[in-house]
Amino acid sequence: FLWNKFIGVEHFYIVDDNKDKPLKDFFKNFSDQITFIDDAKINQSTSQRKLFQIIYDRHRAESHWMAFIDDDEYIMPLQGLTFVNFLKSIEDRRGVELNSRFFGPHGYHKHEGLKCHENNLILDRYWLYESKPMVKSIVNSKIVSGLAEGRGPHRLVPSGVVDCFGNDVDSIEDTA
């Protein structure tokens with residue numbers, strides 16, 4: 001949450017499916033910057049794509065750009081532009097697709113007790129990443145009236161999309 005605020009995100013739509021400890025209580029100091037999605041129509045069986053569609057249909061008129069990311073994912077600007085200035089530079093595009101990089105502890109599945117982990121910080125274990133063919137979408141809600149059917153829950157706009165460098169991304173139809 002704080003990282004996204006730092007890079008310029010102004011408003012958040014958070015799905016709170018933890019009924020034991022409501023996130024509204026945790027984020028009470030930021031309540032004017034968060035819309036919580038916690039109604040009865042959304043439950044554990046609601047697919048991610050359907051959830052994205054519900055949020056987009058309800059709230060797209062409130063935002064210029066909507067990013068669909070999880071709470072453990074971070075947008076890292078890779079250019080000389082800030083994240084907000086990058087979005088301003090592509091306002092005529094329908095969306096952005098960001099490739100994921102998964103950071104991990106040197107390929108180990110068990111962290112503690114390994115000889116190589118003695119006397120180092122936990123962050124030191126996360127120096128490698130692997131690129132995955134999964135993208136995350138940021139949708140220009142001033143142009144896109146609805147999320148399209150696509151490949152899985154992450155390709156939300158079929159065409160007119162760029163990558164993090166502003167390069168055209170193949171349309172969904174071209175990659176089918």
Side-chain angles (χ1 to χ4, degrees), residues 1-5 7-28 30-77 83-84 86-87 90-104 129-164 167-176:
F1 177 82
L2 292 177
W3 174 258
N4 288 309
K5 283 185 61 58
I7 64 170
V9 174
E10 296 172 354
H11 196 83
F12 299 81
Y13 299 91
I14 296 178
V15 177
D16 186 2
D17 57 0
N18 185 355
K19 303 303 180 205
D20 296 330
K21 293 184 177 183
L23 291 175
K24 283 182 185 178
D25 297 340
F26 182 79
F27 286 109
K28 66 184 172 207
F30 302 99
S31 62
D32 60 327
Q33 299 165 39
I34 301 172
T35 299
F36 288 95
I37 312 296
D38 57 3
D39 62 18
K41 293 179 187 174
I42 299 170
N43 57 48
Q44 295 288 353
S45 65
T46 303
S47 72
Q48 195 172 28
R49 180 171 272 288
K50 180 66 176 166
L51 182 60
F52 291 167
Q53 188 69 54
I54 290 168
I55 294 168
Y56 195 75
D57 289 347
R58 285 185 191 169
H59 302 286
R60 80 173 188 89
E62 302 165 11
S63 300
H64 187 149
W65 293 94
M66 291 184 79
F68 293 87
I69 62 172
D70 297 336
D71 61 345
D72 63 346
E73 297 169 339
Y74 299 85
I75 296 171
M76 304 295 293
F83 177 62
V84 172
F86 171 68
L87 292 177
I90 58 162
E91 286 185 344
D92 61 328
R93 304 312 302 257
R94 297 170 49 82
V96 180
E97 285 186 358
L98 303 174
N99 284 315
S100 297
R101 288 183 174 176
F102 292 90
F103 285 84
Y129 71 86
E130 65 178 299
S131 291
K132 294 279 190 173
M134 181 178 75
V135 298
K136 294 294 179 164
S137 292
I138 303 174
V139 180
N140 185 340
S141 56
K142 299 292 183 194
I143 297 175
V144 177
S145 60
L147 303 182
E149 294 298 317
R151 301 179 118 194
H154 301 293
R155 293 205 73 192
L156 303 176
V157 180
S159 62
V161 177
V162 296
D163 64 16
C164 66
N167 300 319
D168 290 333
V169 171
D170 289 339
S171 70
I172 290 175
E173 293 81 20
D174 293 343
T175 60

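All of these numbers come straight from a predicted model, not from anything done at the bench.
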Seminar exercise, completed: The reported gap from CD1 in I14 to CD in Q33 (rounded to nearest 0.5 angstrom) is 10.0 Å
Problem set entry | Listed partners of R60 passing salt bridge (charged side-chain N to carboxylate O under 4.0 Å, His left out), at least two apart | none
Seminar exercise, completed: Tightest non-hydrogen contact, residues N140 and Y56, listed as O-OH, 3.9 Å
Exercise. Going by atom types alone, do S63 and H11 pair a side-chain donor with an acceptor below 3.5 Å?
Worked result: no
Exercise. Quick one: salt bridge (charged side-chain N to carboxylate O under 4.0 Å, His left out) partners of D70, sequence neighbours excluded?
Worked result: K136
Problem set entry | Residues L87, V96; criterion side-chain contact (heavy atoms from CB on, under 4.5 Å); working and verdict | CA-CA 9 Å; L87 292 177; V96 180; 4.2 Å; yes
For this session: Take S159 and R94 through the test side-chain contact (heavy atoms from CB on, under 4.5 Å) and record every step on the way to the result.
Result: CA-CA 7 Å; S159 62; R94 297 170 49 82; 4.3 Å; yes
For this session: Report yes if some heavy atom in the side chain of F83 is under 4.5 Å from a heavy atom in the side chain of I138; otherwise report no.
Result: yes
For this session: State the OG-CD1 distance between S137 and I69, to the nearest 0.5 angstrom.
Result: 11.5 Å
Problem set entry | N167 side chain reached by V162 side chain, heavy atoms, under 4.5 Å | no
Problem set entry | Expected output: side-chain T35 to main-chain Y13 donor-acceptor under 3.5 Å | no
Exercise. How far does CG of L147 sit from CD1 of I54, to the nearest 0.5 angstrom?
Worked result: 11.0 Å
Exercise. Taking it one step at a time, do M66 and I55 satisfy side-chain contact (heavy atoms from CB on, under 4.5 Å)?
Worked result: CA-CA 10 Å; M66 291 184 79; I55 294 168; 3.8 Å; yes
Exercise. Can you find a pair of side-chain heavy atoms, one from E91 and one from K142, that are under 4.5 Å apart?
Worked result: no
For this session: Find the distance between OG (S145) and CG (D57) and round it off to the nearest 0.5 Å.
Result: 9.5 Å
Problem set entry | Side-chain (S141) to main-chain (H64) donor-acceptor, under 3.5 angstrom | yes
Exercise. Within a reach of under 6.0 Å around CD of E62, are more than 12 heavy atoms found that belong to other residues, nucleotides or ligands?
Worked result: yes
For this session: Ignoring hydrogens and angles, tell me if any N or O in the side chain of R49 forms a donor-acceptor pair with the backbone of R155 under 3.5 Å.
Result: yes
Problem set entry | Between CG on residue N4 and CD on residue E73, distance to nearest 0.5 Å | 10.0 Å
For this session: Mind running side-chain contact (heavy atoms from CB on, under 4.5 Å) on I90 and W65 for me, showing each step along the way?
Result: CA-CA 11 Å; I90 58 162; W65 293 94; 4.0 Å; yes
Problem set entry | Closest non-hydrogen atom pair between L23 and V15, with its separation | CD1-O, 4.5 Å
Exercise. Is any side-chain heavy atom of D71 closer than 4.5 Å to a side-chain heavy atom of F12?
Worked result: no
For this session: Give a yes or no answer on whether the side chain of W3 reaches the backbone of I75 with a donor-acceptor pair at less than 3.5 Å.
Result: yes
For this session: Look up atom CG in D92 and atom CD1 in I143, then write down how far apart they are to the nearest 0.5 Å.
Result: 6.5 Å
Exercise. Would you call F27 and F36 a side-chain contact if the rule is heavy atoms closer than 4.5 Å?
Worked result: yes
Exercise. With a 4.5 Å limit on heavy-atom distance, are the side chains of Q48 and F68 in contact?
Worked result: no
For this session: For the residue pair D168 and R93, establish whether any side-chain heavy-atom pair is separated by less than 4.5 Å.
Result: yes
Exercise. Do N99 and D163 come within less than 4.5 Å of each other through their side chains, counting heavy atoms only?
Worked result: no
